[in-house]
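Working notes, structure below.
Along the sequence shown, residues carry numbers from 1.
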Amino acid sequence: MGRGPGKGSLRAGLNEAQAEAVQSTEGPVLILAGAGTGKTRTVIFRIANLLEKGAEPRNILAVTFTNKAACEMRERVGGMVRREAAEEMTVSTFHSLCVRILRVHAGLLGYNTNFSIAAGSDRDGLIKQLIVRHGGAKQKIQAWDVASAVSRQKNSGMPVGEIPDDLIRTVAMSYQRELRARNALDFDDLLVLAEQALREFKEARDYWRERYHYVTVDEFQDTNGLQMDLLMQLVGPPHNLCVVGDDDQSIYGWRGAQVSNILQFGHFFPDPKVVRLENNYRSTEAILSVANELIRNSPSRHEKTLRATIRGGEKVALMALPGDEEEAFWVAGEIRRALAGKNGRWEDFAVLFRTNTHIRKVEQIFRQEEIPYRLVGAQSFFDRREVRDVLAYLQVLANPRADVALLRILNTPPRGIGANTAMLLLEHCREHGVQSWAAMKDESFTGQLSARGAGAVRSFVELIEGFSSRFRGAGDRVGEALHELLQEIDYLSWLMRSCRTEEEREQRREAVGEVGVALTDAMKRGRSLQEFLDEAALDAEPEEELEQKSGVTLITLHASKGLEFPVVFLVGLEEGVLPHWRSTEEGTRDEERRLLYVGITRAQKQLFLSYCALRRKYGELVRCDPSSFLEELGEEWIVERDYVEEMNALADDDDVNDFFGNMRALLD
Ligand code: ATP
Ligand code: MG
């Protein structure tokens, strides 16, 4: 089969247990193994092996936790077999899988298959409007309160109407009605409805079972009940389902993940072949020993062996610092020192932390010290205001009944369809049970408007209709069509006028340009306009996605799952930060320990742990204690370092650079 290694070399680079998992292609398979034992690698080899053995790429589905992991997996499989084969497989998150299913079968549930996806700021904006409409602003509920309550209900299979809090329930129910009226689904609806479609309709089940013969799920310990239900519907006999995970790394309990999915896998898919991997190939013995010491304290865990294949290694450094500013300077200094004179890369380093607020200091100091970095959970490209504007235009061109998008661009840039007209429009739609697009083309609505208002609406409709056909005929010259559209509506000049600085102007102009590039790219990859928009919408939820640029990685512990870096800094190891103060109240301290375990096991060669005596919290300096987890790490592989002593030694050294001089000055 084409370019790439033959069967012999496929087995090379696998140990015996891994090879066994790769060869077990039929029936349910459970790979339950510790961190860095090659689970993900095994899955990738297993897929390549399936393709080698003649499986059709379109019959293969691999589910990953993030879009980034999906891209990586596709790329790595592509490096082993024909690239076209890798393109043809489905590698996606649960959410994109559900979009795929619903684009075909939403009709069975009475939804329109050309629904749009309400994510990121579009969804939050809608919720905010509804909070105001229901008089909630004074009572100070946040969009987040509603969004998370709705999400919890949907994921546990409960109606939104049963949310206990009155106001949240009212807003939530009206949110659900609005989504429905606007033909939009949010992230949780995607899962709920896809599962329902498969469960209730044999025709849908048959269709997708016929499509996917081989299914793989990585990071299975973090799936929730609904995702398990979906898999049970999707994977029929002979149950060619391979799931991979590590119960010690289960860190999404707070979001409803059920570790029982992996521990009781055999209950859902009987008689699985169970493969255990025990050799860790990622970390040195020093790092792995510290990790093992920690996780031994985890109650009711399934004992497993985890051996380092890389003996010895540098001891894990534990650093106490006076404050978070010193901590940030210290990390910057260590990185610069490690890179000085060597040809290492910024990308070899990662700084891991408990929550986003804890990284601001590091970010600020890195900027000041000109250390390039990339941030996880930063505002997603696809959630930028101007990008969402352009996407909304594209969405309306693809399907003018996409109400969320239509309302966004109605008067963007201003064209005389003001807030009053929009309000009349919404009222008209609610009264007559029609969608905005239909109303805008209807005399009975435009007749209510002033002559100017009616004229503005008519020219908007003409604009959209004109460009819809222009886009349909554009083929892979959609970039040009988009450019023409933006010219026609004079979008850029309007956008530029709203910017305050030259830098902002440049960033926004570039972002608009990038949409065109991304769109053209997608078309070249054979995607439809709607598929491109789906991918963009799914990317708008930035939580776990990493910025695509080079530099030191700044990442939350949650988002670091599955990744590895030569050098890792785990900062802010203080009681109240990790374990997080809320975990004591909520009884989730064990999950916090696993989170630390995930962090430690990301490191390949060197690991630095640090905590501060004082940390700025809500603008005030607060005294902190070291994390109680630090006592669980053992002593053998840890070296405690004294910050003040090191600073003094450095200051005496002739080679000391300005940087450390500055830091000392700061201390004094
Ligand atoms: P995690 O639990 O963090 O998701 P994992 O079990 O998925 O980890 P991988 O990321 O697949 O582990 O592998 C960890 C590292 O070990 C990778 O760099 C991988 O290339 C390497 N590795 C895995 N198996 C082998 C092997 N048999 N020989 C050499 N290197 C290996
Ligand atoms: Mg993995």
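In this structure the side chain of Met319 never reaches within 4.5 angstrom of the side chain of Leu609, judged on heavy atoms. Side-chain contact between Phe353 and Thr556: present, with at least one pair of heavy atoms (C-beta onward) separated by less than 4.5 Å. No side-chain heavy atom of Leu614 sits less than 4.5 Å from a side-chain heavy atom of Val622. The side-chain heavy atoms of Val639 and Leu318, taken from C-beta on, include no pair separated by under 4.5 Å. Put simply, the side chain of Trp346 does not reach to within 4.5 Å of the side chain of Arg374, judged on heavy atoms. Taking the side chain as every heavy atom from C-beta outward, Asp625 and Glu574 never approach each other to under 4.5 Å. With contacts defined as side-chain heavy-atom distances shorter than 4.5 Å, the pair Arg602/Leu352 qualifies. Proximity of Glu219 to Thr64: side-chain heavy atoms (C-beta onward) are nowhere separated by under 4.5 Å.
Using modelled atom types, no side-chain atom of Arg354 and backbone atom of Leu578 make a donor-acceptor pair closer than 3.5 Å. Gln129 places no side-chain N or O within donor-acceptor distance of the main-chain N or O of Leu126, the cut-off being under 3.5 Å. Between the side chain of Ser583 and the main chain of Pro579, no donor-acceptor pair closer than 3.5 Å is present. Side-chain N or O atoms of Asn280 include one that pairs as donor or acceptor with a backbone N or O of Ala35 at under 3.5 Å.
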- Dump the intermediate steps for side chain to side chain contact (heavy atoms under 4.5 Å, CB included) on Leu557 and Leu596, then the final yes or no. CA-CA 7 Å; Leu557 288 161; Leu596 178 56; 5.8 Å; no

- Task: Start with the C-alpha gap between Leu190 and Leu538, add the side-chain angles, then the distance that decides, and say whether side chain to side chain contact (heavy atoms under 4.5 Å, CB included) holds.
- Result: CA-CA 11 Å; Leu190 296 173; Leu538 292 167; 4.1 Å; yes

- Message: Assess the residue pair Ser151 and Asp188 against the criterion (side-chain hydrogen bond (donor to acceptor under 3.5 Å, both in side chains)); give the C-alpha distance rounded to whole Å, side-chain angles, the decisive distance to 0.1 Å, and a yes or no.
- Response: CA-CA 6 Å; Ser151 178; Asp188 299 305; 2.9 Å; yes

- Message: Using the rule given for side chain to side chain contact (heavy atoms under 4.5 Å, CB included), can you reason through Gln258 versus Met228, listing the C-alpha separation, both sets of side-chain angles and the distance that settles it, and then say yes or no?
- Response: CA-CA 9 Å; Gln258 293 174 2; Met228 187 62 161; over 6 Å; no

- Task: Before giving the answer on side chain to side chain contact (heavy atoms under 4.5 Å, CB included), spell out for Val217 and Leu231 the whole-Å C-alpha distance, their side-chain angles and the decisive distance to 0.1 Å.
- Result: CA-CA 10 Å; Val217 187; Leu231 284 173; 4.0 Å; yes

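Counted by atom type alone, Asn224 and Tyr252 present zero donor-acceptor pairs between their side chains at under 3.5 Å. Between Tyr175 and Arg123, the side chains place no donor N or O within less than 3.5 Å of an acceptor N or O (distance only, hydrogens not considered). For Thr93 and Ser96, the side-chain atoms include at least one donor-acceptor pair closer than 3.5 Å. A donor-acceptor contact closer than 3.5 angstrom is absent between the side chains of Thr309 and Asn279. Under 3.5 Å, the side chains of Arg589 and Ser628 contain a donor-acceptor pair of N or O atoms. A donor-acceptor contact closer than 3.5 angstrom is absent between the side chains of Trp254 and His580. Gln221 and Gln249 form no side-chain donor-acceptor contact under 3.5 Å, judged by distance and modelled atom types alone. Of the N and O atoms on the side chains of Gln604 and Ser283, not one donor lies less than 3.5 Å from an acceptor on the other residue.
Of the candidates Arg500, Arg508, Gln507, Arg508 is the only one forming a side-chain hydrogen bond (donor to acceptor under 3.5 Å, both in side chains) with Glu504.
A salt bridge is defined here as a Lys NZ or Arg NE, NH1 or NH2 lying under 4.0 Å from an Asp or Glu carboxylate O, and Arg282 with Glu564 meets this definition. Ionic pairing of Glu72 and Lys68 is present here: one or more N-O contacts between side-chain nitrogen and carboxylate oxygen are shorter than 4.0 angstrom. Looking at Arg307 and Glu285, no side-chain N of the basic residue comes within less than 4.0 Å of a carboxylate O on the acidic one, giving no salt bridge. The pair Lys39-Asp218 fails the salt-bridge criterion, with no side-chain N (NZ, NE, NH1 or NH2) lying under 4.0 Å from an Asp/Glu carboxylate O. Under a 4.0 Å N-O distance rule, the pair Arg337/Glu334 qualifies as a salt bridge. For the pair Asp186 and Lys154, the salt-bridge criterion is met [side-chain N within less than 4.0 Å of a carboxylate O]. At a threshold of 4.0 Å, the pair Arg301-Asp248 counts as salt-bridged, since one of the basic side-chain nitrogens sits closer than that to a carboxylate oxygen. The residues Glu327 and Lys361 are annotated as not salt-bridged, no charged nitrogen and carboxylate oxygen being separated by less than 4.0 angstrom. A salt bridge does not link Lys304 with Glu278: none of the charged nitrogens is closer than 4.0 Å to a carboxylate oxygen. Salt bridge Glu363/Arg360: present, at least one basic N to carboxylate O contact under 4.0 Å. The residues Arg296 and Glu293 are annotated as salt-bridged, a charged nitrogen and a carboxylate oxygen being separated by less than 4.0 angstrom. With salt bridges taken as basic N to acidic carboxylate O contacts below 4.0 Å, none links Lys315 and Glu636. Under the 4.0 Å criterion applied to side-chain N and carboxylate O atoms, Lys561 and Asp222 are assigned as salt-bridge partners.
Note: Ile310 CD1 to Ile287 CD1 = 8.5 Å, rounded to the nearest 0.5 Å. One distance of note links CG of Asn15 with OG1 of Thr42; it measures 7.0 Å at 0.5 Å rounding. Atom OG of Ser610 is separated from atom CG of Asp324 by 10.5 Å, given to the nearest 0.5 angstrom. Here the straight-line distance linking atom CG of Leu306 with atom CG of Leu277 works out to 10.0 Å at 0.5 Å rounding. Rounding to the nearest 0.5 angstrom, the gap separating the OG1 atom in Thr37 from the CG atom in Asp246 is 7.5 Å. Atom CG of Asp165 sits about 6.0 Å away from atom CG of Leu167, to the nearest 0.5 Å.
Residue Gly313 comes nearest to Trp637 through the heavy atom pair O-CZ3, 4.3 Å, listed as atom of the first residue, atom of the second, then distance. Closest approach of Ser260 and Phe268 over heavy atoms only: O-CE1, 4.2 Å. Of all the heavy atoms in Gly572 and Val577, the pair that sits closest is O-CG1, 3.3 Å.
Sparse packing is recorded around CD of Glu506, with 12 or fewer heavy atoms of other residues, nucleotides or ligands lying under 6.0 Å away. The number of heavy atoms from other shown groups lying within 6.0 Å of CD (Gln142) does not exceed 12. No more than 12 heavy-atom neighbours from other residues, nucleotides or ligands sit within 6.0 angstrom of CD on Glu631.
In this pair, Trp330 and Phe569 present their aromatic rings perpendicular. The plane angle is above 60°, beyond the 30 to 60° band.
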